[in-house]
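Written below as structure tokens is the structure these notes are about.
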There are 2 protein chains.
Amino acid sequence: MELRHLRYFVAVAELQNIHRAAAKLHVSQPPLSRQIRDLEDEVGVALFEHKANSLRLTEAGRAFLPEARAALQRVDDAVQMARIVGTGQGGEIHVGYAPSLAAELLPRALKYFDESSPGVRVRLHDLSTQAHLLQ
Amino acid sequence: MELRHLRYFVAVAELQNIHRAAAKLHVSQPPLSRQIRDLEDEVGVALFEHKANSLRLTEAGRAFLPEARAALQRVDDAVQMARIVGTGQGGEIHVGYAPSLAAELLPRALKYFDESSPGVRVRLHDLSTQAHLLQ
DNA sequence: TAATATTACGTATTACGTAAAGATT
DNA sequence: AATCTTTACGTAATACGTAATATTA
């Protein structure tokens, strides 16, 4: 299993529609359909009820969806963590954050950052009230 | 970025050695070296100090490691969740769990499971005292 | 018949392995 | 010199797109 499978699954699950999910992901339907099937084969349970003309989440699929989202978020968090720690070399940095980061990731990131770059000023900006600025 | 990159990174970071990590992952060194470099390119910061003859985690790499592990664990949790919900159709099931699952995943899994399979008996087994049974 | 999912198949990307080179202790 | 990482390059796996088929509303 690769992140591609999770990304594809989330898109299809959210739209309940391979056609539109494919457009959103900028791929064509057949490979997307195939990747979803491969994912189901690997997980071992059906995530969708596959009908000839439509597609709906199964109970297992509904349970899988938030977990898959969380896993993808975790990956993004990991990358952000590395970037925050790796690029802080001096001066001042501005860190915009969303609530999901603030809860758990940010404190640890700041801890690492402060240890590796004790002289760097950190200014935090809560972007949760400016969600329209995020794509 | 794909899960492969995270799996490879964790192995290399743990062993601080591409040669042995490659053996553990059953791949050869050159592709492994390349995948690590691709990961660093995508993250945008160096995760290792690459010397001609050795390799050591950078500060960013040290910060990235536990996050990458957590992300991989999240993926495994997602799959387990789907399997638990998807295969519970009746009778009785035995669920062995490790502490990491018990904290957050298990209660939600049981909630989903109970909603979808109200007649199924669930027996829990704490395997944390039998760690030698896990590979 | 219009809209959707899947199957069939050829193509293109890319991860891989082998061989060789470079570098450090 | 021995060990380890990296570069070069051909191969193989596989994700992708196009075209065609199947199914339902």
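Every chain is numbered from 1 and lettered A, B, ... according to where its sequence line falls, protein lines coming before strand lines.
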Without decimals, in angstroms, what is the distance between [X] [atom1] and [N] [atom2]?
{"X": "A:Q29", "N": "D:dC16", "atom1": "CD", "atom2": "P", "result": "13 Å"}
{"X": "A:L55", "N": "C:dA3", "atom1": "CG", "atom2": "P", "result": "18 Å"}
{"X": "B:E2", "N": "C:dT14", "atom1": "CD", "atom2": "C1'", "result": "12 Å"}
{"X": "B:L3", "N": "D:dA15", "atom1": "CG", "atom2": "P", "result": "13 Å"}
{"X": "B:Q35", "N": "D:dT5", "atom1": "CD", "atom2": "P", "result": "16 Å"}
{"X": "B:N53", "N": "C:dA21", "atom1": "CG", "atom2": "C1'", "result": "14 Å"}
{"X": "B:H19", "N": "D:dT6", "atom1": "NE2", "atom2": "C1'", "result": "15 Å"}
{"X": "A:D38", "N": "C:dT6", "atom1": "CG", "atom2": "P", "result": "12 Å"}

Touch class at under 4.0 angstrom, heavy-atom based, for A:R34 against every strand present: nothing
Touch class at under 4.0 angstrom, heavy-atom based, for A:F48 against every strand present: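 A:F48: no heavy atom of the nucleic acid under 4.0 Å.
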Residue mapping more 5' on DNA chain D - nearest nucleotide basis, A:H5 or B:S33: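 Looking at DNA chain D, the more 5' nearest nucleotide goes with B:S33.
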By nearest atom, which of the nucleotides [options] is closest to the [X] side chain?
{"X": "B:H50", "options": "D:dT6, C:dA5, D:dC16", "value": "D:dT6"}
{"X": "A:S28", "options": "D:dT18, C:dT7, C:dA5", "value": "D:dT18"}
{"X": "B:R4", "options": "C:dG17, C:dA15, D:dT18", "value": "C:dA15"}

Exceeds 12 heavy-atom contacts within 6.0 angstrom, atom CZ of A:R34: no
NZ/NE/NH1/NH2 to OD/OE distance under 4.0 Å, [X] and [Y]:
{"X": "B:R37", "Y": "B:E40", "result": "no"}
{"X": "A:E2", "Y": "B:R7", "result": "yes"}
{"X": "A:R74", "Y": "A:E67", "result": "no"}

Check: B:F48 ring centroid to B:F64 ring centroid under 6.0 Å: no
